[in-house]
Enquirer: 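Let me give you the structure first, and then I'll get to my questions.
None of the values given here were measured: they were computed from a predicted structure.
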Amino acid sequence: MTISCQSSFQNRNIDQQKGTGSLYLVATPIGNLEDMTYRAVRTLQECDIIAAEDTRQTRKLLSHFEITPSMLFSYHEHNKAASGPELIRYIIEGKNLALVSDAGLPAISDPGADLVALAVSHGIPVVPIPGANAALSALIASGLPTNSFTFIGFLPRERKDIRTVLSALRSAQGTLLFYESPHRVAKTLAHLQEAFGNRQVVLARELTKRYEEFLRGTIEECVVWLSDHPPLGEYVIVLEGESKEEAKLAESSWWRELSIEEHVAHYETSGLTRKDAMKKAASDRGLAKRDIYNALLERE
């Protein structure tokens, strides 16, 4: 096992090569330019290279803050395999590199995470420059619990993959955070209702911008709203987690997938007489014992 330690003060890793630069993960505004921090501006001014998801978008940001980078590289999902190693080579040669996404924190739902992993594997210091984040901004303003939450980001496109992801989250009691585009938000809400039922949800859109909006209600209510108000802007979907009552019901309803015959047999296997097993199964299902008896007779 290899253990490494990076000093936050000196930004140095014990495995770092002498003269190696650092990778800075610089948060950018998610809509309001006033959310750019002094530290973020200074870092972009001082770094030798800036790597951006969309260089056209980043040039607008740099121009606003009068930053003229020595080198501006494109780094995104489709070129990361080639660009990643090249950027790492520059850092190893001693250049400091700032990575930005189109908006918010790099490495969240973008290929920045791959560049970070590559930097760590080469012993390169990785320095976070905090700032705006859409998911957390939506969460703290949602009114839903914030003590425990899970960030999912964008769901897969294929229905079967969506079901796989959501089924694993069905019993999560913390708040769930999703990203979604305006043309898919209604379909995603339908998937969420299918997987979780009609839970409370908050749709946050255009965060930090002029037309920032929070829509709060049940999934069904939000679907109706969207049918009359076409979705605009990027969305964060904040979904209520499983309640304690739902968790208790799920735990007590383990038998729901069983037939009545299998249900009774389960209790017989645990040592109960057939009579007591029928009584117990009837109690679980909220039925009279004679209903269980008649159902078993029909199967004989």
Side-chain angles (χ1 to χ4, degrees), residues 27 30-31 35 101-110 113 131-209 211-254 256-257:
I30 58 176
D35 290 335
S101 67
D102 288 348
L105 290 167
I108 299 294
S109 289
D110 78 13
N133 175 263
L136 293 181
S137 297
L139 173 65
I140 61 174
S142 68
L144 294 176
T146 62
N147 57 313
S148 177
F149 59 89
T150 300
F151 173 75
I152 296 92
F154 290 98
L155 287 172
R157 291 303 180 95
E158 296 296 327
R159 186 178 182 84
K160 62 178 182 179
D161 296 329
I162 292 174
R163 286 180 170 177
T164 298
V165 171
L166 296 182
S167 64
L169 297 167
R170 195 166 291 140
S171 60
Q173 293 190 24
T175 303
L176 303 176
L177 305 173
F178 302 86
Y179 283 161
E180 196 50 273
S181 61
H183 67 279
R184 289 181 55 85
V185 66
K187 290 182 179 179
T188 294
L189 288 177
H191 289 304
L192 295 181
Q193 184 168 4
E194 178 184 357
F196 304 113
N198 194 29
R199 290 184 182 178
Q200 290 293 313
V201 68
V202 178
L203 305 185
R205 74 176 188 91
E206 298 292 89
L207 288 170
T208 76
K209 299 178 183 178
Y211 297 106
E212 177 179 272
E213 180 180 78
F214 291 87
L215 177 62
R216 299 176 175 90
T218 64
I219 294 178
E220 285 183 357
E221 289 170 340
C222 289
V223 168
V224 172
W225 170 272
L226 291 177
S227 66
D228 295 328
H229 303 81
L232 296 171
E234 298 299 313
Y235 280 80
V236 178
I237 301 174
V238 187
L239 182 69
E240 176 185 31
E242 183 181 62
S243 66
K244 292 182 179 179
E245 291 74 18
E246 287 176 321
K248 185 176 180 180
L249 178 62
E251 184 178 350
S252 64
S253 302
W254 54 268
R256 288 187 181 276
E257 301 299 323

Enquirer: Is the shortest side-chain heavy-atom distance between Arg159 and His191 below 4.5 Å?
Expert: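 Yes, side chains in contact.
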Enquirer: Can you tell me how far apart CG (Leu105) and CG (Leu136) are? Round to the nearest 0.5 Å.
Expert: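 Output value for this atom pair is 8.0 Å.
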Enquirer: Return the minimal non-hydrogen interatomic distance between Ala135 and Val236, and the atom names on each side.
Expert: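 Residues Ala135 and Val236, closest heavy atoms: CA-CG1, 4.2 Å.
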Enquirer: Provide the closest heavy-atom pair for Glu240 versus Leu144 in the form atom of the first, atom of the second, distance.
Expert: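 For Glu240 versus Leu144, the nearest heavy atoms are N-CD1, 3.8 Å.
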Enquirer: Measure the spacing between CD1 of Ile140 and CZ of Phe149 and express it to the nearest 0.5 Å.
Expert: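 Ile140 CD1 to Phe149 CZ: 10.5 Å, rounded to 0.5 Å.
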Enquirer: For a quick test of reading the model, state the closest non-hydrogen atom pair linking Gly153 to Ser109 and the distance between them.
Expert: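 Of all heavy-atom pairs spanning Gly153 and Ser109, the closest is CA-OG, 4.0 Å.
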Enquirer: Given Val201, which of Val223, Ile237, Val238 fulfils the side chain to side chain contact (heavy atoms under 4.5 Å, CB included) condition?
Expert: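 Result: among Val223, Ile237, Val238, Ile237 is the only option passing the side chain to side chain contact (heavy atoms under 4.5 Å, CB included) with Val201.
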Enquirer: Looking at Ala132 and Ala27, what are the two nearest heavy atoms and their distance?
Expert: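 Shortest heavy-atom contact: N-CB, 4.1 Å.
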Enquirer: Would you say the side-chain atoms of Glu194 pair up with the backbone N or O of Ala190, donor to acceptor, closer than 3.5 Å?
Expert: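 No.
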Enquirer: Search all heavy atoms of Leu207 against all heavy atoms of Ser137 and return the closest pair with its distance.
Expert: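 Smallest interatomic distance, heavy atoms only, reads CD1-CB, 4.4 Å.
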Enquirer: Determine whether a donor-acceptor pair (N or O, by modelled atom type, separation under 3.5 Å) exists between the side chain of Thr175 and the backbone of Thr146.
Expert: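 No: the side chain of Thr175 does not pair with the backbone of Thr146.
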Enquirer: Does Asn198 use its side chain to pair, donor to acceptor, with the backbone of Ile219 at less than 3.5 Å?
Expert: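 Between the backbone of Ile219 and the side chain of Asn198 there is a qualifying donor-acceptor contact (under 3.5 Å).
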Enquirer: Measuring from atom CG of Leu192 to atom CZ of Phe178, what distance do you get when rounded to the nearest 0.5 angstrom?
Expert: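 So the gap between those two atoms works out to 5.0 Å.
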Enquirer: Any side-chain heavy-atom pair from Phe196 and Leu176 closer than 4.5 angstrom?
Expert: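 SC-SC contact between Phe196 and Leu176 confirmed.
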Enquirer: Using atom types as modelled and distance alone, determine if a side-chain donor or acceptor of Arg205 lies under 3.5 Å from a backbone N or O of Gly233.
Expert: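 Side chain of Arg205 to backbone of Gly233: no pair is present.
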Enquirer: Which atom pair, heavy atoms only, marks the closest approach of Pro182 to Pro231?
Expert: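 So the two residues come closest at O-CB, 3.4 Å.
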Enquirer: How long is the straight-line distance from CD of Glu158 back to CZ of Arg163, given to the nearest 0.5 Å?
Expert: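 Arg163 atom CZ to Glu158 atom CD measures 12.5 Å (nearest 0.5 Å).
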Enquirer: Give a yes or no answer on whether the side chain of Asp228 reaches the backbone of Trp225 with a donor-acceptor pair at less than 3.5 Å.
Expert: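 The answer is no, because no donor-acceptor pair under 3.5 Å joins these two groups.
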Enquirer: Determine whether Tyr235 and Thr188 make a side-chain contact, defined as any pair of heavy atoms from C-beta on separated by less than 4.5 Å.
Expert: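 They are not in contact (no side-chain heavy atoms under 4.5 Å apart), so the answer is no.
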Enquirer: Taking the side chain as every heavy atom from C-beta outward, state whether Leu169 and Leu239 have any pair of such atoms under 4.5 Å apart.
Expert: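 Of all side-chain heavy-atom pairs linking Leu239 with Leu169, none is under 4.5 Å.
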Enquirer: Mark yes when over 12 heavy atoms from residues, nucleotides or ligands other than Tyr179 sit less than 6.0 Å from its OH; otherwise mark no.
Expert: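 Yes, OH of Tyr179 has more than 12 neighbouring heavy atoms, counting only those of other groups under 6.0 Å.
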Enquirer: Assess the residue pair Glu180 and Lys187 against the criterion (salt bridge (Lys or Arg N to Asp or Glu O under 4.0 Å)); give the C-alpha distance rounded to whole Å, side-chain angles, the decisive distance to 0.1 Å, and a yes or no.
Expert: CA-CA 10 Å; Glu180 196 50 273; Lys187 290 182 179 179; over 6 Å; no
Enquirer: Measuring from Thr150:OG1 to Gln173:CD, what's the distance to the nearest 0.5 Å?
Expert: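 Here the interatomic distance stands at 11.0 Å.
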Enquirer: Would Arg216 and Gln200 count as a side chain to side chain contact (heavy atoms under 4.5 Å, CB included) here? Give the steps.
Expert: CA-CA 8 Å; Arg216 299 176 175 90; Gln200 290 293 313; 6.0 Å; no
Enquirer: To the nearest 0.5 Å, what is the distance between CG (Leu155) and CZ (Arg184)?
Expert: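 Taking CG in Leu155 and CZ in Arg184, the distance rounds to 8.0 Å.
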Enquirer: Please tell me if the side chains of Ile162 and Pro156 come closer than 4.5 Å, counting only heavy atoms from C-beta onward.
Expert: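 Side-chain contact under 4.5 Å: yes.
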